[in-house]
Amino acid sequence: MRSAAIALFLIASLVSGSGSGSVSANHEVVRGVSPEEQHLYRPIVDEVTGKKTWRCLSDPTIELSYDQINDDYCDCPDGSDEPGTNACPYTISRKFYCANKHHIPEYIENYKLNDGVCDYDICCDGSDEYLSGKCEDKCKQVHDQFESYKARVTTEVDESLKIKVQWEETADKLRQQAINKLSELRATFIAKQKQFEIVKQTLEETSDEENSGDEFLLAQVDRLNHHLTEFQNDIQLKDKYIAQLEQILAKLVDNYNPNFNDAAVKESVAGFQEYITNKDSGAGAGAGAGIDQIQSVADELKQYSLQISSHSETETPQVVQVPTFGNMLRHYYGQLRDAVNFEQNTYLNNNDNGNGNRNPILYKYEKELEDIGLEIETIELDLEKNYGPKDILRALKSTWVNTKIGDYMYKLGFLDAIYQGNNLIGRFDGFSSNQMTYSNGAKCWNGPSRSAIVNLVCGPSNGIVSVSEPEKCQYVFELITPIACQPVTEEGLLSTFQVDLSKL
Ligand code: MAN
């Protein structure tokens with residue numbers, strides 16, 4: 001059925017071309033079609049008969065009389081013959097164009113046409129109700145509302161962007177610091193590794209030298225022992241002879257006849273008595289050549305030990321005691337061994353003693369290298385993580401947002417974790433397209449570990465706006481934050497702008 005009223009809006013061709021079937025350049029404006037698409041509705045004018053026709057846009061095999069456009073009857077399968085009515089079923093690609101002079105052109109769904117409702121939020125010019133004409137043009141008021149919204153949002157977003165830029169700068173500095181630290185650590189690691197190799201090699205060489213020093217020391221001690229034994233045997237033998245002589249002379253003193261005036265006997269007796277008296281007083285007990293010999297070897301040994309001590313790194317004062325006789329020699333050797341640097345000594349003894357013990361110097365180096373290696377790895381991993389555009393989250397490393405929603409206090413740490421009261425909802429996982437993810441939270445009773453998605457929305461400061469739990473223990477947060485702010489665009493503003501119908 002073709003409505004007579006709708007037929008009034010049919011487009012007439014203004015210009016007919018010469019010859020047959022030429023497309024008219026000028027034609028009346030077709031309702032519901034934007035100026036950019038008007039050319040699609042040019043009539044085909046038969047040059048002989050002057051008859052105007054038109055073809056469906058998606059199916060040019062269907063040719064219609066030109067007055068079938070907007071005649072309130074759907075002829076084309078794609079609905080393209082009815083851009084200004086709701087005769088064809090609605091498709092998203094075929095919306096009615098509202099010019100909205102004084103504001104911004106818009107497109108409205110065809111089922112909202114002529115339904116008695118003024119859809120000023122879309123068609124502020126009221127053109128959606130063109131049949132009744134009941135909706136006056138309110139585009140000026142709507143535009144004023146839009147302008148004040150634009151001013152408010154622009155100011156707010158500009159403020160937010162200043163904060164965002166500061167965070168980006170902080171993040172950049174922190175990243176640079178991390179990069180510098182990384183190169184320092186890598187350089188330290190390489191230097192330490194070289195030192196380690198040198199020390200290892202030196203210790204191996206020192207080990208050989210010190211072993212030969214040890215052998216020398218042992219030989220000296222053996223020499224000392226040998227002389228001492230000889231000396232002791234000599235002394236014992238002499239003591240035996242002396243004892244025999246003293247017995248002979250004691251008999252002489254007891255048994256001689258003092259009445260015989262034998263001067264030689266009397267002199268010997270007097271001399272022996274004087275010897276006994278002096279002997280008891282302890283005088284004349286010289287050590288003799290044997291002692292000198294032992295003393296000389298002991299001195300040599302002492303000098304050697306002091307030399308070693310002066311080369312050692314030990315902080316402990318090196319006190320070397322000259323041994324007394326006998327088995328004290330072994331003790332003396334022990335003292336010398338103790339005087340040798342502990343670390344070197346340990347290396348000599350324990351470098352690879354088959355018990356798995358490691359040399360303390362090398363162990364110290366290995367431990368330091370391991371610690372530096374771990375630190376390097378941690379920084380490398382940190383630098384690889386996605387902390388958002390320009391690494392911005394790095395600036396919020398220790399920032400927490402606390403908001404009470406419903407029964408719970410929610411605590412959100414940007415690169416840390418989210419808590420619901422004392423329940424761990426999850427630990428920071430990553431960032432992608434204005435979304436942070438947190439996972440591996442506390443296990444849900446009869447369910448998975450808690451986790452969360454945090455959607456970031458532009459706002460002048462950080463704050464949790466809402467939390468929902470669409471699946472058990474899987475949470476969705478909405479967080480306003482300057483991080484999500486972008487410079488204002490007309491398009492962006494229009495998509496968020498809402499007309500206050502009560503003020504029109
Ligand atoms: C707590 C909260 C809830 C969760 C249940 C699951 O009550 O963490 O969010 O749904 O545990 O048992």
Side-chain angles (χ1 to χ4, degrees), residues 1-137 139 491 494:
M1 277 292 286
R2 299 182 183 184
S3 134
I6 296 299
L8 290 172
F9 299 102
L10 288 177
I11 309 303
S13 170
L14 295 178
V15 176
S16 346
S18 59
S20 68
S22 69
V23 174
S24 168
N26 298 314
H27 60 96
E28 279 190 12
V29 171
V30 177
R31 186 182 292 278
V33 178
S34 72
E36 292 76 36
E37 295 205 322
Q38 286 291 334
H39 68 279
L40 301 174
Y41 288 85
R42 280 179 198 150
I44 304 159
V45 183
D46 187 294
E47 288 168 10
V48 179
T49 62
K51 191 172 182 284
K52 290 175 212 149
T53 56
W54 179 83
R55 294 188 176 123
C56 297
L57 294 180
S58 306
D59 193 350
T61 58
I62 303 173
E63 187 169 296
L64 306 177
S65 159
Y66 197 65
D67 58 9
Q68 284 178 274
I69 295 172
N70 278 340
D71 66 347
D72 205 20
Y73 186 86
C74 195
D75 298 294
C76 296
D78 64 354
S80 58
D81 63 312
E82 295 299 313
T85 75
N86 49 17
C88 293
Y90 168 69
T91 52
I92 195 157
S93 58
R94 304 242 164 257
K95 283 189 176 179
F96 178 91
Y97 173 79
C98 309
N100 288 350
K101 203 174 163 205
H102 305 300
H103 186 47
I104 288 120
E106 270 290 359
Y107 292 85
I108 192 167
E109 297 84 352
N110 68 357
Y111 56 81
K112 289 184 181 171
L113 295 175
N114 301 311
D115 63 350
V117 178
C118 301
D119 292 292
Y120 284 129
D121 55 333
I122 307 172
C123 291
C124 59
D125 59 2
S127 60
D128 57 313
E129 297 298 317
Y130 60 86
L131 282 182
S132 66
K134 66 170 253 188
C135 302
E136 59 175 305
D137 186 336
C139 280
E491 206 186 355
L494 279 170

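When reading the values below, keep in mind they use all heavy atoms of this one structure, side chains included, and skip hydrogens, waters and symmetry mates.
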Do D46 and T53 touch side chain to side chain, with heavy atoms closer than 4.5 Å?
no
Indicate yes or no for a side-chain donor-acceptor contact from D119 to the backbone of I122 under 3.5 Å, with no hydrogens or angles considered.
no
Sulfur-sulfur distance C139/C124 under 2.5 Å
yes
Which heavy atom of Y73 sits nearest a heavy atom of A87, and at what distance?
N-CB, 3.8 Å
To check you understand the geometry: which heavy-atom pair defines the closest contact between N114 and E129, and what is its length?
CA-OE1, 3.2 Å
K134 side-chain N/O to G116 backbone N/O, donor-acceptor pair under 3.5 Å
yes
Could you grab the distance from atom NZ of K51 to atom CG of D67, nearest 0.5 Å is fine?
8.0 Å
Is Q38 reaching over with its side chain to a backbone N or O of V33, donor-acceptor style, under 3.5 angstrom?
yes
Please check this pair: side chain of Y66 against backbone of Y41, looking for a donor-acceptor N/O pair closer than 3.5 Å.
yes
Answer yes or no: is there a side-chain heavy-atom contact under 4.5 Å between S127 and Y97?
no
Residues R94, D78: salt bridge by 4.0 Å N-O rule:
yes
Kindly check if C88 and C76 bring their SG atoms closer than 2.5 angstrom.
no
Flag, side chain of Q68 to backbone of S65, donor-acceptor distance under 3.5 Å
yes
Could you measure the distance from the CD atom of E109 to the CG atom of D115? Nearest 0.5 Å is fine.
10.5 Å
Nearest 0.5 Å, please: how far is SG in C56 from CG in D75?
7.0 Å
If you round to the nearest 0.5 Å, how far is CD1 of I62 from CZ of R55?
11.5 Å
Minimum heavy-atom separation for C74 to G79, with atom names?
SG-CA, 4.2 Å
Could you give me the CA-CA distance, side-chain angles and deciding distance for L57 and W54, then say whether side-chain contact (heavy atoms from CB on, under 4.5 Å) is met?
CA-CA 9 Å; L57 294 180; W54 179 83; 3.9 Å; yes
Under 3.5 Å donor-acceptor, E106 side chain and C123 backbone
no
Is D125 reaching over with its side chain to a backbone N or O of N100, donor-acceptor style, under 3.5 angstrom?
yes
Indicate yes or no: at least one non-hydrogen side-chain atom of Y130 is less than 4.5 angstrom from one of T85.
yes
What are the two closest heavy atoms between I108 and C98, and how far apart are they?
CG2-SG, 4.0 Å
For K95 and Y90, run side-chain contact (heavy atoms from CB on, under 4.5 Å): C-alpha distance rounded to whole Å, both residues' side-chain angles, the deciding distance at 0.1 Å, then the answer.
CA-CA 8 Å; K95 283 189 176 179; Y90 168 69; 3.1 Å; yes
Show, in sequence, the C-alpha distance, side-chain angles and deciding distance for K112 and V117, and conclude whether the side-chain contact (heavy atoms from CB on, under 4.5 Å) test is met.
CA-CA 8 Å; K112 289 184 181 171; V117 178; over 6 Å; no
So which atom in F96 and which in R31 form the shortest heavy-atom distance, rounded to 0.1 Å?
CE1-CG, 3.7 Å
Nearest heavy-atom contact between P83 and V30 is CG-CG1, 3.9 Å
Between L494 and I104, is the side-chain contact (heavy atoms from CB on, under 4.5 Å) condition met? List the steps.
CA-CA 9 Å; L494 279 170; I104 288 120; 3.7 Å; yes
Return yes if some donor-acceptor pair links the side-chain N/O of E82 with the main-chain N/O of D71 below 3.5 Å, else return no.
yes
